[in-house]
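Note that the structure is a prediction, hence the values are computed from the model and not measured. Order of appearance sets the numbers: ligands from 1, and atoms from 1 within every ligand.
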Amino acid sequence: MSNYTYDELLAAVSVADGKAAVDPATGEVIGNSPVQTVAELDELIATAAAAQPAWAALSDEERSAYLHKAADAVEASAEALAELLSREQGKPLNGPNARFEVGGCAAWLRAAADTPLPSEVIIDDESGYAEMHYRPIGVVGAISPWNWPMMISIWQIAPSLRMGNTVVIKPAGTTELSVLALVKVLNDVLPEGVLNIVTGSGRTIGDALSRDPRIGKLMFTGSTEVGKQIIAASAQNVARLTLELGGNDAGIVLPDADPAAIAEGLFWGAFINTGQTCAALKRLYVHDSIYDAVVDEVAKFAKNVPMGNGLEEQSLLGPLQNQGQFEIVDRLVESAKAAGARVVLGGEPDRDAPGHFYPTTIIADIDPQHELVLKEQFGPVLPIIRYSDLDEAIKLANELEFGLGSSVWTSDREQAMAVASRLQAGTTWINSHGGLHPMVPFGGAKQSGYGREFGVEGLKAVAEPHVISGR
Ligand code: NAD
């Protein structure tokens, strides 16, 4: 197993003539990723299909041992991986960002390795006998986004390999070097052909991957819009799907909450990864009686959190990952300002400065039906909405087509449980937002997707259930 330096890792994945990977903090080109063709994808799927029977024939223990070796390899090159991730994605090394993400890759590999999924006896009585086995599906096609490119790729790769599938992964166009480097590190210890990576555009390579009849299961994380295209593409072959799609998570602060005590949790719930997180807090409903205090406390905390180039050790917030995302955020905030919402913090980007930095922004006294509230901003902007009637706040929280996460903030546990039971979401957090655990199922309700990742549910999602019935 190698302990790569940044330069060695970059040299191992960057090509002389490819697509430029641009540092979103500076605009500098850091390397080039290969632009592959559909013919090359075809070969990679053939390789994955050929490698699958031997991989599936290994015992659970043998495959788990490989996943532990893969986690060791990630840990051995953690600093180089984090630096490349920071340079290409923009996220700072520190805080819940690049080093945290690389650590998460190792943790999720180990959790997939250590989670047992034995066959189960379903009935064994006078009515009959049946047992359930969890077989490999075959080749898994994985398509990942640019916000947590390494960790989300691992969420797709680790359970798939654990259950005896082989994988072809396609990263998002603006974070290809990061995932190429991760796959390079993993492939130093995995058997040949088990994990394959293809780079190229979503519309050609991603589409061809999701239509290929040799792909038994697609794991897709990205926007709801592209998720719908994947559903259509998969119909041809009845490919199994796990879809982790967009979110516009609501948080509701009840009147008994302590504004100073919850400010830090609210801030990181919303601004983790500079707001570019599927299950970030994206709209906050606060009871009128403590509205001003909550707005003040969150703003007070927010203005001391340093934003800057991710390689600077003090930075905890970074740039937006790409120009397109900067424009989405900028337009939504300008629209809120024009509609008379109050800018409590930020809201004035330096559009001529290098990189895609958008300042930490808090918007108060905004119409609950404004587009900054209704659309997924995916950036460092939190709209805070005033409510006086809890039923109305719950109705607003539930009225969108999204249902990924949600949160309730209160010191009354019983109230928290009562409100949580009325929220439509894959997860409702109490007094925090967005925390994930490798053993706790994660996924979306409504148009935030279907299927669950992590833990036993996550392993079942990449397996074919097979009943053997009779004595
Ligand atoms: P995106 O949908 O634009 O792209 C995701 C991936 O799909 C990329 O690899 C892209 O190249 C590929 N792709 C694009 N068109 C395709 C097509 N026609 N067929 C197949 N693949 C195609 O999303 P993004 O901008 O990279 O990521 C941001 C979005 O992802 C946000 O909406 C965010 O909420 C969501 N997200 C969800 C989760 C979750 O767990 N639910 C996690 C992270 C991000």
Ring of Y6, cation from R87 - is the NZ or CZ under 6.0 Å from the centre and inside 45° of the axis?
yes
Under a strict 4.0 Å criterion on non-hydrogen atoms, which protein residues are in contact with ligand 1?
I143, S144, P145, W146, N147, I152, K170, P171, A172, G202, G206, D207, F220, T221, G222, S223, V226, Q229, I230, E244, L245, G246, G247, C278, E376, F378, L404, F442
Looking only at the side chains, is there a donor atom on one of Q424 and E399 sitting less than 3.5 Å from an acceptor on the other?
no
Is E244 salt-bridged to R452, cutoff N-O under 4.0 Å?
no
Sequence neighbours excluded, which residues qualify as ring pair (Phe, Tyr, Trp, His ring centres under 6.0 Å) partners of Y387?
H287
Donor-acceptor pair between E313 and N94 side chains, under 3.5 angstrom
yes
Apply ring pair (Phe, Tyr, Trp, His ring centres under 6.0 Å) to the pair F378 and W146, showing each step before the final yes or no.
CA-CA 12 Å; F378 221 61; W146 49 257; 5.4 Å; yes
